[in-house]
**Student:** 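Let me give you the structure first, and then I'll get to my questions.
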Amino acid sequence: MTTKINAGVIGWPIKQSRSPLIHGHWLQSHKIDGSYEKIAVDPSDLQSFIKNLKLNNLSGLNVTVPHKEMVFKFADEVTDDAKAIGAANTLWFEGDKLIAGNTDAYGFITHLKQSAPNWEINKPALILGAGGAARAILYALINEGVPEIKLTNRTIERATNLAKEFGPKIKVIEWGEKEDHLENCGLLVNSTSLGMTGSAPLKINIKTLPDTAICYDIVYAPLETQLLKDANTLGLGTVDGLGMLLHQAVPGFEKWFGVRPTVTDELRQIILNDLR
Ligand code: ATR
């Protein structure tokens with residue numbers, strides 16, 4: 001008899017998570033006897049919840065707001081990427097040890113390389129935003145060997161703090177001057193919430209980007225943001241935010257269920273239908 005494998009995503013609230021759709025699709029397509037559920041965990045119950053994972057028959061978890069930093073305290077080990085990013089989004093067991101990792105940088109870079117194989121890695125990148133998503137992106141780009149990363153944010157102190165943490169490759173520029181720094185860039189990334197349905201628009205004129213530049217928007221609702229529309233009009237390569245969400249889910253699924261899943265068009269369509 002095989003034992004059913006269970007995993008899930010914890011947050012507070014948790015209603016908004018699309019992770020069950022992703023993992024549910026993979027469980028079904030690989031015919032795995034497993035489950036993946038949304039679990040609402042009140043911050044005051046987090047410690048006991050994490051300590052009792054095995055007792056509750058859970059092989060691991062995805063972690064979302066507001067628990068992404070707090071889980072560090074309750075894991076036995078934290079991976080280097082999670083430490084550098086300052087947050088964990090995936091928990092799994094190695095033997096009896098509970099490991100806290102972060103797969104956002106992996107999701108970001110895997111989707112970029114797949115969607116834009118011609119990306120010129122040796123040119124500077126310009127990142128808009130200095131929140132949690134920006135941290136994963138900076139980590140990924142530095143790891144990849146991008147020579148210079150220009151970072152800008154409405155609240156400049158957050159960008160300066162990230163530059164101190166991530167080192168000399170990061171050059172902070174004023175939010176109001178971002179258009180003056182597009183000329184030699186190989187990659188422009190929007191890591192802010194601007195342009196998302198219900199948020200303010202992202203206002204940036206990208207006509208001075210080189211024709212070989214790639215525009216990556218981590219916003220996925222709408223899928224084609226104004227930034228990506230503008231990039232398409234100029235004939236630039238574009239990368240949407242949905243792939244990052246899907247690819248970041250791959251390593252967790254593999255660790256819990258023992259099969260490495262793939263991000264297919266069918267899966268993209270399932271999530272897109274849910275966004276409508
Ligand atoms: P996440 O973890 O998803 O990155 P976050 O930490 O709340 O979320 O960061 C949101 C990002 O969007 C920040 O860079 C934020 O800029 P501030 O640091 O100045 O708040 C940016 N952002 C949100 N609304 C914005 C707006 N109206 N104009 C400019 N930037 C905005």
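Whatever order the structure lists them in is the order used to number ligands and atoms, beginning at 1.
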**Student:** Indicate yes or no: does an N/O atom of G132 lie under 3.5 Å from an N/O atom of ligand 1?
**Tutor:**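 Yes: some nitrogen or oxygen of G132 is under 3.5 Å from one in ligand 1.
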**Student:** Which residue supplies the protein heavy atom nearest to atom 14 (O) of ligand 1, what is that atom called, and how far is it?
**Tutor:**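 Answer for atom 14 (O) of ligand 1: N153 OD1, 2.6 Å.
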**Student:** Would you mind finding which of I218, T155, L194 brings a heavy atom closest to atom 19 (O) of ligand 1?
**Tutor:**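 Considering heavy atoms of I218, T155, L194, the nearest to atom 19 (O) of ligand 1 sits in T155.
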**Student:** Return the option from R158, E157, R154, M196 holding the heavy atom at the smallest distance from atom 22 (N) of ligand 1.
**Tutor:**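 Answer by nearest heavy atom: R154.
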**Student:** Could you check whether any side-chain heavy atom of Y216 comes within less than 4.5 Å of a side-chain heavy atom of M244, counting everything from C-beta outward?
**Tutor:**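 Side chain of Y216 against side chain of M244, heavy atoms only: contact under 4.5 Å found.
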**Student:** Name the atoms and distances for all side-chain donor-acceptor pairs under 3.5 Å in residues 188-206, with sequence neighbours left out.
**Tutor:**
from : atom 1 : to   : atom 2 : distance (Å)
N190 : OD1    : T192 : N      : 3.0
N190 : OD1    : T192 : OG1    : 2.7
N190 : ND2    : L194 : O      : 3.2
N190 : ND2    : D217 : OD1    : 3.0
S191 : OG     : L128 : O      : 2.8
T192 : OG1    : L194 : N      : 3.0
T197 : OG1    : A221 : O      : 3.0
S199 : OG     : S193 : O      : 3.4
N205 : OD1    : K207 : N      : 3.0

**Student:** Can you say whether the rings of Y106 and H247 are parallel (under 30°), tilted (30 to 60°) or perpendicular (over 60°)?
**Tutor:**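 Geometry flag for H247 against Y106: perpendicular rings.
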**Student:** Would you call the rings of F257 and F253 parallel, tilted or perpendicular if under 30° counts as parallel and over 60° as perpendicular?
**Tutor:**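 F257 vs F253 ring planes: tilted.
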**Student:** Just checking, is any N or O donor in the side chain of H111 or S115 under 3.5 Å from an acceptor N or O on the other one?
**Tutor:**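 Yes.
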**Student:** What atoms of ligand 1 come within less than 4.0 Å of a heavy atom belonging to W175?
**Tutor:**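 Listed by number with element, the hits are 29 (C).
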**Student:** Show which atoms of ligand 1 fall inside a sub-4.0 Å distance from at least one heavy-atom site of S193.
**Tutor:**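 This gives 12 (O), 23 (C), 24 (N) as the contact atoms.
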**Student:** Which residue from A134, A136, A133 reaches closest to atom 4 (O) of ligand 1 through any of its heavy atoms?
**Tutor:**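 The nearest heavy atom belongs to A133.
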**Student:** Only heavy atoms of G129, strictly under 4.0 Å: list the atoms of ligand 1 that pass.
**Tutor:**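 With G129 as reference, the close atoms of ligand 1 come out as 14 (O).
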**Student:** Where do I50 and V71 land on the side chain to side chain contact (heavy atoms under 4.5 Å, CB included) test, with the steps shown first?
**Tutor:** CA-CA 8 Å; I50 300 285; V71 289; 4.1 Å; yes
**Student:** With atoms numbered from 1 as shown, which atoms in ligand 1 lie under 4.0 angstrom from a non-hydrogen atom of T192?
**Tutor:**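 Listed by number with element, the hits are 11 (C), 12 (O), 21 (C).
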**Student:** Do E177 and W175 have a side chain donor and acceptor closer than 3.5 Å?
**Tutor:**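 No, W175 and E177 have no side-chain donor paired with an acceptor closer than 3.5 Å.
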**Student:** If you count the atoms of ligand 1 from 1 in the order shown, which ones are under 4.0 Å from a heavy atom of A130?
**Tutor:**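 What qualifies from ligand 1 is 14 (O).
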**Student:** Output the list of atoms in ligand 1 that are nearer than 4.0 Å to some heavy atom of G131, sorted by atom number.
**Tutor:**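 Numbered from 1, ligand 1 contributes 4 (O), 6 (O), 9 (O), 14 (O).
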**Student:** My question is simple, although I want it checked carefully: is atom 10 (C) of ligand 1 less than 4.0 angstrom from any protein heavy atom?
**Tutor:**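 Protein heavy atoms within 4.0 Å of atom 10 (C) of ligand 1 - there are none.
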**Student:** Of all residues at least two apart in sequence or in a different chain, which pass the ring pair (Phe, Tyr, Trp, His ring centres under 6.0 Å) check with Y220?
**Tutor:**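 Partners of Y220 under the ring pair (Phe, Tyr, Trp, His ring centres under 6.0 Å) test: none.
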